[in-house]
Amino acid sequence: MSEISEILSQIIDELKELRLLYKELVEKLIPMEEPKPDEQRAIEEEDELVSEEELLRVLKK
């Protein structure tokens with residue numbers, strides 16, 4: 001039983017290390033940036049709803 005506990009403990013340690021390495025890799029590939037003012041405004045503002053007719057009219061242009 002002790003051997004199984006040791007093996008499980010090693011697996012847990014390796015998984016923690018893999019998660020840390022994956023997190024670091026993702027942070028390097030996809031840097032977190034603060035949104036620009038216009039992006040922040042778009043995130044916070046309520047969406048404007050338009051009719052289907054308006055949408056089709058704009059898409060036909």
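Hydrogens, waters and symmetry mates are skipped; everything else that's a heavy atom, side chains included, is used. All values derive from a computational prediction rather than experimental measurement.
- Counting non-hydrogen atoms of other residues, nucleotides and ligands closer than 6.0 Å to CD of Glu24 gives a total above 12.
- Through chains of ILVMFWY side-chain contacts below 4.5 Å, Leu8 is grouped with Ile4.
- Heavy-atom neighbours of Glu27 CD from other residues, nucleotides or ligands within 6.0 Å: above the threshold of 12.
- A distance of 8.0 Å separates CE of Met32 from CD of Glu34, quoted to the nearest 0.5 Å.
- Every residue two or more places apart in sequence or in another chain that forms a salt bridge (Lys or Arg N to Asp or Glu O under 4.0 Å) with Arg41 is listed here: Glu45.
- To the nearest 0.5 Å, the span separating CG on Leu55 from NZ on Lys60 amounts to 11.0 Å.
- One finds the CD atom of Glu3 at 4.5 Å from the CD1 atom of Ile7 (value rounded to the nearest 0.5 Å).
- Minimum heavy-atom separation, Gln40 to Glu44: NE2-OE2, 2.6 Å.
- Under the rule for a salt bridge (Lys or Arg N to Asp or Glu O under 4.0 Å), the partners of Glu54 that lie at least two apart in sequence or sit in another chain are Arg57.
- Leu15 and Leu20 are assigned to two separate hydrophobic clusters, defined by single-linkage of ILVMFWY side chains at heavy-atom distances under 4.5 Å.
- One finds the OG atom of Ser9 at 10.0 Å from the CD atom of Glu14 (value rounded to the nearest 0.5 Å).
- Heavy atoms from other residues, nucleotides or ligands lying under 6.0 Å from CD of Glu52 number 12 at most.
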